[in-house]
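Because the structure is predicted, anything quoted here is derived from the model rather than measured.
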Amino acid sequence: MARKKASSVKKKPTTKKVAAPAAETAASVEEKAISAVTEPAPAEEKKEPAAKETVTAEKKASPAAEKAAPAEEKKEPAVKETVTAEKKTDPAPEKAAPAEEKKKTTAKKTASKAEPAESKKRTSAKKASSVEEKAVSAAAKAAPAEGKKRTSAKKAASVEEKSAPAVAEAAPAVEEVSAVSVMSNLPRRSVAFIGSECHPFVKTGGLGDVMYALPRELVRLNCDVRVILPRYACIPQKYQDQMVYRGEFYMDLGKTGRNYYVGIMEYVCDGVVYDFIDNQEFFSSGNPYLNLVDDIPKYCFFSKAALAALNYLNWIPDIVHCHDWQAALVPVYLRTLFQDSPIGHARSILTIHNLRFQGIYNIPTIQYWSGLPDSVFGMGALKENYVDANMLKGGLAYADRITTVSGTYAYEIQTAEYGEHLENHLRYHSGKLRGIVNGIDYGMWNPETDPALAVHYNRDTVFEHKMENKLALQKELGLEEDAGKFVIGLISRLTNQKGLDLVSSIIPQVLDGNTQVVVLGTGDQQYEDTFRYYEGANRGTFSACIQYDEARAHRIYAGADALLVPSRFEPCGLTQLNAMHYGTLPIVRETGGLKDTVQPYNVFTGDGNGFTFDRYDAGLLLDAINRAKTLYFTNRDQWNQVVRRDMEKDVSWENSAKQYKDLYLELTQW
Ligand code: ADP
């Protein structure tokens, strides 16, 4: 789930401004880059005199790879014609060449300066530095290794052999907790997770939770998992300090004409290996997501560097599992520039955590930064319209399987209402699309052990201890301390997706004297201001916590009676799962994963997990809240039964992880 704004970290002004390529430069460089991809190796080598010092991360696309453009292209002859016609009249890209040129020189300096700084933090410095030397030389030689099928294959192959031991010799990362019970009767598969955020290093929303919890569960299902992440400067120092240097190399990128430093820093925890891609030029800002001008180059670099790093580490997984638009170019790289490199053997899965964020920018810019061949910029893959390329769209075309985070969302995104303009593309690829609902990590979310709570509880002690947590929460937030009040929580990014216009329009009716509302979130100014206003106008009954605070979120799940999730759309939603697990009844709109995980309470049979409404309408939300209040105030026994049922409900990762494992096995039948 890509976020415009990460609230867990402070925004720092970015040090790097990325310029779009100039029209002429782009055109000429483009020609060179395309020929570099398609021409035989000797010609390519001539163009890159510095290539000896560089890990040319990708292999030139083989003729087969060129043919690998998705079948959709073939089925759209009319579109193809348009594409060729457009190629001739390629729109002039933005003029920023001089600036870009200047940056090339300054950035080179930065890159070389950055190196010592990056190595400062290396632990076991002595060992690391000697290994580093080896790794550097291995990396320098590794370029031909990755291109071992080039004409100079013999030489390259021997270099690759040399490079492997250098990497293997690097100091192993320290395993923080090693006791993981692996179900070794299951077939073993290796998986590389590639994504832009992961708890506890950096998290702005549900993607961070999934990148944390799913790999851990997959380890138990006998998977060998590596999580590849950017090494953002905002990752807390305590994790930075525990990272171990695993190697470095230089990689070319797109048509920039430059070689970029790629460091690999490693951290191991609970059987999962985390490899952080280090490059201060791209990842030094205090916030993972800035704006597309910065983010497009950043994630082109990251996607390519992730694959190059796997080649460099000589760790070739069976599956490359990519997440959201930030890693969506990975399947495209895999079937083009990396097709004939070792990692080219891996199968790919792209998971959509939120279709709203797609990584769209003008074609010349994405061509410039990605260096991908022309063939992927057709309507069947990256091309979005006459001027734009869409990174997610390209990934969906090239991935072997597409998953999204609930069955209902998998259906919804094929409709115009939820498809975010990709519904036709998704319908076309529906044969490889699956919905697998998210779970929550029971280690992280457990009211019996949760260190953030005032009082621990389980399903036997929930009724007495939830009251104590409620009173503690009221005290913490300056609300009237009264266990008899009905407390409604809302924990969310404050964006248009989350149904906050519905919430803000009914607050006066919700605050009836017996109800308190607690909002925790950051996001769009209009919602932040609205909730601040309500807090000012309703001191003691309304609390607006405009912040990102993990521990406080846990205390709200424990202290509230109900949690609101009235989203306009919701791919899966985790807050309703957390809430149920903490005995807090969800009030949700029937969309996406909310529909799949919350069964509406039936007043006649007493069945259900929460309160739901279907159309996106403030009156219906108010009605659902009133149904919840009625049950709470008039039939507490029945309410308590639902609380207990929710706490017993299996919302763990176990089932979902098994479905992912099945998918991996389906893709790798041997
Ligand atoms: P999304 O990924 O769309 O933001 P999800 O429901 O999938 O929404 O995941 C949200 C996750 O982020 C949950 O774990 C929730 O507890 C957490 N979260 C959201 N906002 C905050 C906040 N302000 N402070 C702490 N945690 C938050």
Engineer: May I have all residue pairs that pass salt bridge (charged side-chain N to carboxylate O under 4.0 Å, His left out) and include part of residues 450-466, sequence neighbours excluded?
Structural biologist: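 Listed by first then second residue: nothing to list.
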Engineer: Quick one: salt bridge (charged side-chain N to carboxylate O under 4.0 Å, His left out) pairs with a partner in residues 610-631, sequence neighbours left out?
Structural biologist: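 Only D512-K629, R615-D617, D623-R627 qualify under salt bridge (charged side-chain N to carboxylate O under 4.0 Å, His left out).
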Engineer: Using a strict cut-off of less than 4.0 Å between a Lys/Arg side-chain nitrogen and an Asp/Glu carboxylate oxygen, indicate whether R401 and E666 qualify as a salt bridge.
Structural biologist: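 Answer for the salt bridge query: yes.
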Engineer: Please name all residues satisfying side chain to side chain contact (heavy atoms under 4.5 Å, CB included) with E481, sequence neighbours left out, ordered by chain then number.
Structural biologist: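 For E481 the side chain to side chain contact (heavy atoms under 4.5 Å, CB included) partners, ignoring immediate neighbours, are L471, Q474, K475.
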Engineer: Can you name the residues that form a salt bridge (charged side-chain N to carboxylate O under 4.0 Å, His left out) with D529, not counting sequence neighbours?
Structural biologist: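 Once residues adjacent in sequence are excluded, the partners of D529 under the salt bridge (charged side-chain N to carboxylate O under 4.0 Å, His left out) criterion are R532.
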Engineer: Counting only heavy atoms from other residues, nucleotides and ligands, does the tally under 6.0 Å from CZ of F633 exceed 12?
Structural biologist: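 Yes, CZ of F633 has more than 12 neighbouring heavy atoms, counting only those of other groups under 6.0 Å.
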Engineer: Enumerate the salt bridge (charged side-chain N to carboxylate O under 4.0 Å, His left out) contacts for residues 402-412, please, sequence neighbours excluded, ordered by first and then second residue.
Structural biologist: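 Counting only pairs at least two positions apart or across chains, no salt bridge (charged side-chain N to carboxylate O under 4.0 Å, His left out) contact touches residues 402-412.
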Engineer: Please find the pair of heavy atoms, one from C234 and one from P288, that lie closest to each other, and give the distance.
Structural biologist: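 It is SG-CD, 4.2 Å.
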Engineer: Anything under 30° is parallel, anything over 60° is perpendicular, the rest tilted; go ahead and classify H321 against Y660.
Structural biologist: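 Judged by the thresholds at 30° and 60°, the geometry between H321 and Y660 is tilted.
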Engineer: Has Y411 got more than 12 heavy atoms of other residues, nucleotides or ligands less than 6.0 Å from its OH?
Structural biologist: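 No.
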Engineer: What about Y601 and W639, are their ring centers closer than 6.0 Å?
Structural biologist: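 Judged by ring-centre distance (under 6.0 Å), Y601 and W639 do not meet the cut-off.
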Engineer: Can you pull out every salt bridge (charged side-chain N to carboxylate O under 4.0 Å, His left out) where at least one residue sits in residues 590-602? Sequence neighbours excluded, please.
Structural biologist: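 Applying salt bridge (charged side-chain N to carboxylate O under 4.0 Å, His left out) to every pair that reaches into residues 590-602, excluding sequence neighbours, yields nothing.
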